[in-house]
2 protein chains.
Amino acid sequence: MTPDCPGGKCPVETTLTVMSGKWKGIILYRLLDGKKRFHELKEIMPAISFRTLTLQLRQLEADGIVERTVYPEVPPRVEYDLTELGKTMRPIIESMFEWGIQYQIQRKDTHA
Amino acid sequence: MTPDCPGGKCPVETTLTVMSGKWKGIILYRLLDGKKRFHELKEIMPAISFRTLTLQLRQLEADGIVERTVYPEVPPRVEYDLTELGKTMRPIIESMFEWGIQYQIQRKDTHA
DNA sequence: CAGAATCCCCAGTGATACTG
DNA sequence: CAGTATCACTGGGGATTCTG
């Protein structure tokens with residue numbers, strides 16, 4: 001694909017692959033201010049299903065963006081946090097956040 | 001959705017909605033350095049189908065990101081350019097580009 | 001040249017029920 | 001609490017053919 005991008009695959013496409021998924025951007029945004037438990041994330045994003053939340057977290061984990069820590073307690077406790085690599089996405093998320101705000105102001109008709 | 005994001009819908013989600021689609025990020029990246037004709041874009045991204053290229057361009061146009069100019073000539077000529085609003089996405093695209101490069105270096109195994 | 005129209009497929013997502 | 005398992009569906013994307 002896109003053979004004339006430096007290094008083979010277009011870096012923008014690479015980033016989009018990692019970030020894409022209906023909820024990944026929001027998950028990343030929510031993790032910017034610190035680690036969260038599974039149900040904490042679910043409460044922040046009520047519209048997501050357990051299954052999808054699990055899957056998207058697992059994909060982010062597989063991509064090295066998110067770290068999953070299981071505490072061997074009863075009841076179980078699992079925390080999700082950004083890895084060092086994940087934290088380097090902050091500029092992307094923040095610029096997307098800023099742009100989204102301006103966009104919502106300019107176009108109240110769509111995606112509001 | 002995500003009711004506790006400022007202004008209703010999470011701005012990150014808004015941006016992701018506009019940018020999502022398998023090729024939109026690449027299209028935007030390619031338009032950063034100036035307007036392009038339809039087949040020019042197709043040549044840059046050989047793997048995309050005509051149908052999908054058309055659809056993604058139309059969606060970007062509907063979202064006010066891309067401007068479509070038809071020149072009444074024979075054979076027809078159509079140029080696509082970023083709107084002023086579209087140009088404000090530059091920081092996002094560029095930070096995604098930079099991150100993608102670093103990511104490719106760190107993880108040659110996946111998404112390479 | 002720049003598409004429109006048609007048909008098709010499957011990956012991503014959702015709903016529900018169950019479990020260590 | 002934090003999942004897993006199963007089923008089902010939608011729509012985003014692809015292949016092909018046709019047109020002003």
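Letters go in sequence order (proteins before strands), and every chain restarts at 1.
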- So, is A/K22 near the phosphate of C/dG14, with a side-chain N or O under 4.0 Å from OP1 or OP2? yes
- side-chain N/O A/Q56 vs C/dT13 OP1/OP2, d < 4.0 Å: yes
- Message: Taking the nucleotide of DNA chain D with the nearest heavy atom to each, does B/S49 or A/F38 sit closer to the 5' end?
- Response: A/F38
- Message: Closest approach to the side chain of B/R51, judged atom by atom: which nucleotide of D/dG13, D/dG3, C/dT13 is it?
- Response: D/dG13
- Side chain of A/W23: nearest nucleotide among C/dT13, D/dT4, D/dG14? C/dT13
- Query: Charged N to carboxylate O under 4.0 angstrom, A/K42 versus A/E40?
  - Reply: no
- Message: Using a 3.5 Å distance criterion without hydrogens, assess whether the side chain of B/T52 forms a donor-acceptor pair with backbone atoms of B/S49.
- Response: no
- Query: Atom CZ of B/R68 to atom P of C/dC1: distance rounded to whole Å?
  - Reply: 16 Å
- Message: Would you say B/H39 places a side-chain N or O within less than 4.0 Å of OP1 or OP2 belonging to C/dA2?
- Response: yes
- Message: Please report the distance, rounded to the nearest Å, between CZ in B/F50 and C1' in C/dA4.
- Response: 13 Å
- Nearest-nucleotide pick for B/T54, side chain only, options being C/dG3, C/dG14, D/dG3: C/dG3
- Could you tell me the separation between the CG atom of B/L55 and the P atom of D/dG14, rounded to a whole number of Å? 10 Å
- Task: Select base, sugar-phosphate, or nothing to describe what A/E79 touches, counting heavy atoms under 4.0 Å on all strands.
- Result: nothing
- Message: Quick check on side-chain contact (heavy atoms from CB on, under 4.5 Å): which of A/I93, A/I26, A/V66 does A/L31 satisfy it with?
- Response: A/V66
- Item | Between C/dA4 (P) and B/L57 (CG): distance, integer Å | 11 Å
- Query: Over how many whole Å does the gap from B/K24 atom NZ to D/dG13 atom C1' extend?
  - Reply: 12 Å
- Query: When all nucleic acid strands are considered with a 4.0 Å heavy-atom cut-off, which category describes A/Y80: base, sugar-phosphate, or nothing?
  - Reply: sugar-phosphate
- Name the orientation class of the two ring planes belonging to B/H39 and B/F50 (parallel below 30°, tilted from 30 to 60°, perpendicular beyond 60°). tilted
- Query: Can you name the nearest heavy-atom pair linking A/F97 to B/P11, along with the distance?
  - Reply: O-CB, 3.4 Å
- May I ask you to evaluate whether A/Q59 reaches the phosphate of C/dG12, defined as a side-chain N or O under 4.0 Å from OP1 or OP2? no
- Check the distance between D/dG12's P and A/L16's CG and give it to me in whole angstrom. 15 Å
- Query: Rounded to whole angstroms, how far apart are CG on B/L53 and P on D/dG12?
  - Reply: 17 Å
- Select one nucleotide: of C/dG14, D/dA2, D/dG14, the one nearest the side-chain heavy atoms of A/R37. D/dA2
- Note on the structure: Note: for A/G21 and A/P76 on DNA chain C, the residue whose nearest nucleotide lies more 5' is A/G21
- Tell me: NZ of A/K36 to P of D/dC1, nearest whole Å? 18 Å
